[in-house]
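Residue numbering restarts at 1 for every chain, and letters A, B, ... go by the order of the sequence lines.
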There are 2 protein chains.
Amino acid sequence: MPRTAQYDRQAALQAAIALFWRRGYYATSLKDIERELDMRPGSLYSAFGSKQGLFVEALDAYTATMADDVQNHIAASGGVLSGVMAYLRWLLLGQKCPALAATPACMVVKTLLESTGDEDPLRGKATELLRRVELGFTAALEQAKSAGELRPDVDCERLARLLQTQVMGVRSFAQSGASERQLKQLLEDIEQVFLSYRQAH
Amino acid sequence: MPRTAQYDRQAALQAAIALFWRRGYYATSLKDIERELDMRPGSLYSAFGSKQGLFVEALDAYTATMADDVQNHIAASGGVLSGVMAYLRWLLLGQKCPALAATPACMVVKTLLESTGDEDPLRGKATELLRRVELGFTAALEQAKSAGELRPDVDCERLARLLQTQVMGVRSFAQSGASERQLKQLLEDIEQVFLSYRQAH
DNA sequence: AACATACTTGAGCAATCACTCAAAAAAACG
DNA sequence: CGTTTTTTTGAGTGATTGCTCAAGTATGTT
């Protein structure tokens with residue numbers, strides 16, 4: 001009996017991701033959102049509740065996509081460390097140029113850094129998601145250690161944090177407009193960081 | 001004959017740094033600024049021109065202070081790489097707890113990441129300042145190479161970018177609420193990164 | 001076709017945004 | 001003390017903020 005919704009929720013979320021990723025939370029107005037998602041306030045608020053609700057949902061979806069991308073590169077590459085490096089190369093050097101080249105920095109990190117204090121719910125959400133990614137890294141590293149890719153004495157939780165720090169660092173650095181050649185060198189240098197964690201054969 | 005200004009420009013700038021560092025540019029309102037700097041609109045606008053003018057001046061002052069801190073630690077530590085590590089330890093583990101522990105992330109990086117696009121003047125300013133810091137690193141590394149601290153084949157510009165990436169990474173990671181123990185381990189691990197660049201004796 | 005049940009629309013809400021400016025106040029001179 | 005010069009004040013600018021809601025519109029069922 002009811003009328004079916006006109007908009008595509010997933011498409012709207014993708015548009016929201018692109019918009020918030022580029023402009024951040026506080027600098028994005030509802031006018032921007034209405035224009036970019038092609039939705040009017042009534043539809044927006046019945047679908048997502050509030051600007052913050054939409055943002056959180058977009059951030060969750062972004063993180064899920066990112067985690068998938070990382071896992072796919074790990075699987076395709078065979079090793080965890082080489083997989084993450086492959087992911088970074090794909091992300092920063094790939095032909096995803098137009099959209100991503102402008103915003104190589106991680107949306108979660110952007111959110112963490114634009115949060116206004118400890119009480120800001122955005123900070124809580126961002127740290128929660130970072131912790132989730134970190135746990136994913138840890139699990140993948142544990143598995144790699146069992147498979148003999150890593151030295152048996154490696155502390156996987158610790159290495160996961162180093163790994164995450166590297167990813168946060170390069171992606172932020174890439175935002176400052178480095179050339180492709182500089183990024184390539186940087187990724188090489190970072191790859192060296194992980195050399196000592198590998199199991200010698 | 002004229003009336004002398006009541007406010008202290010340097011004190012006002014310090015307050016602006018603290019405020020913008022914590023809350024970012026877009027999420028900070030003029031009401032916040034009036035309260036925190038204890039200045040009314042007229043004084044603010046005669047002194048700094050605009051919200052953006054005040055922000056840029058604060059960001060410049062922040063960067064100058066940060067560069068001083070780094071240089072001091074390099075001088076006190078004897079080596080460039082050990083100096084930067086000492087700076088990070090002082091920044092992230094020192095007793096600067098209350099104010100800084102809440103905002104370990106670099107204000108310039110926060111600005112870079114909260115900028116809304118390539119046309120955003122904030123992004124230009126942030127990249128310019130990062131470039132300046134990078135050049136400072138390069139110069140210090142060149143000097144260190146001449147002094148025999150670094151291997152003669154080290155590409156100093158390249159190492160400077162790696163160094164900056166590490167600093168950006170840890171400081172951002174620290175914002176996500178890591179424990180002191182985790183930070184300590186992370187700094188140890190990062191120190192290992194630079195080991196291979198040192199000149200053997 | 002007529003009804004019921006949504007969804008979409010856009011005008012409009014109070015609050016806040018960055019900012020202006022005329023008037024009041026205060027210092028340095030005579 | 002009075003004059004001059006500058007700063008400080010705070011009410012007020014139009015525009016925009018996130019958001020609401022009644023009216024209009026479209027769909028699926030009977």
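Between the C1' atom of C:dT8 and the CG atom of A:Leu37 lies a distance of 15 Å, rounded to the nearest Å. Counting to the nearest Å, the C1' atom of C:dG12 and the CD atom of A:Glu34 are 13 Å from each other. For the pair A:Asp32 CG and C:dC17 P, the computed distance is 17 Å after rounding to whole Å. Rounded to an integer number of Å, the gap from B:Arg9 CZ to D:dT7 P is 12 Å. As a whole-Å value, the separation of B:Tyr26 OH from D:dG18 P is 14 Å. Rounded to an integer number of Å, the gap from A:Tyr45 OH to D:dG18 C1' is 5 Å. As a whole-Å value, the separation of B:Arg35 CZ from C:dT16 P is 12 Å. Rounding to whole angstrom units, CZ of residue A:Arg23 and P of D:dT17 are separated by 9 Å.
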Run the salt bridge (Lys or Arg N to Asp or Glu O under 4.0 Å) check on B:Arg158 and A:Glu188 step by step: do they pass? CA-CA 11 Å; B:Arg158 185 169 167 170; A:Glu188 273 180 41; 3.1 Å; yes

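Applying the ring pair (Phe, Tyr, Trp, His ring centres under 6.0 Å) criterion to B:Tyr197, with sequence neighbours excluded, gives no partner residue.
Minimum atom distance to the side chain of B:Ser50 is reached by C:dC19, of the listed D:dC19, D:dT9, C:dC19. Comparing D:dT20, C:dT9, C:dT20 against the side chain of A:Arg40 picks out C:dT9 as the nearest. When distances run from any side-chain atom of A:Lys51 to the nucleotides C:dC19, D:dG18, D:dT20, the shortest one goes to D:dG18.
Along DNA chain C, the nucleotide closest to A:Gly42 and the one closest to B:Ser29 are compared, and the more 5′ of them pairs with A:Gly42. Projected onto DNA chain D by closest heavy-atom contact, B:Leu44 and B:Lys31 fall at different nucleotides, the more 5' of which corresponds to B:Leu44.
Panel note: side chain B:Arg23, backbone A:Thr116; no donor-acceptor pair is recorded below 3.5 Å.
Between A:Ser43 and C:dC7 there is no side-chain N or O to OP1 or OP2 distance below 4.0 Å.
A cation-pi contact, defined as under 6.0 Å to the ring centre and within 45° of the axis, is absent between B:Lys51 and B:Phe20.
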Enumerate donor-acceptor pairs with a distance under 3.5 Å from any side-chain N or O in residues 138-145 of chain A to protein atoms, sequence neighbours excluded.
from	atom 1	to	atom 2	distance (Å)
A:Thr138	OG1	A:Glu134	O	2.9
A:Lys145	NZ	A:Val154	O	3.0

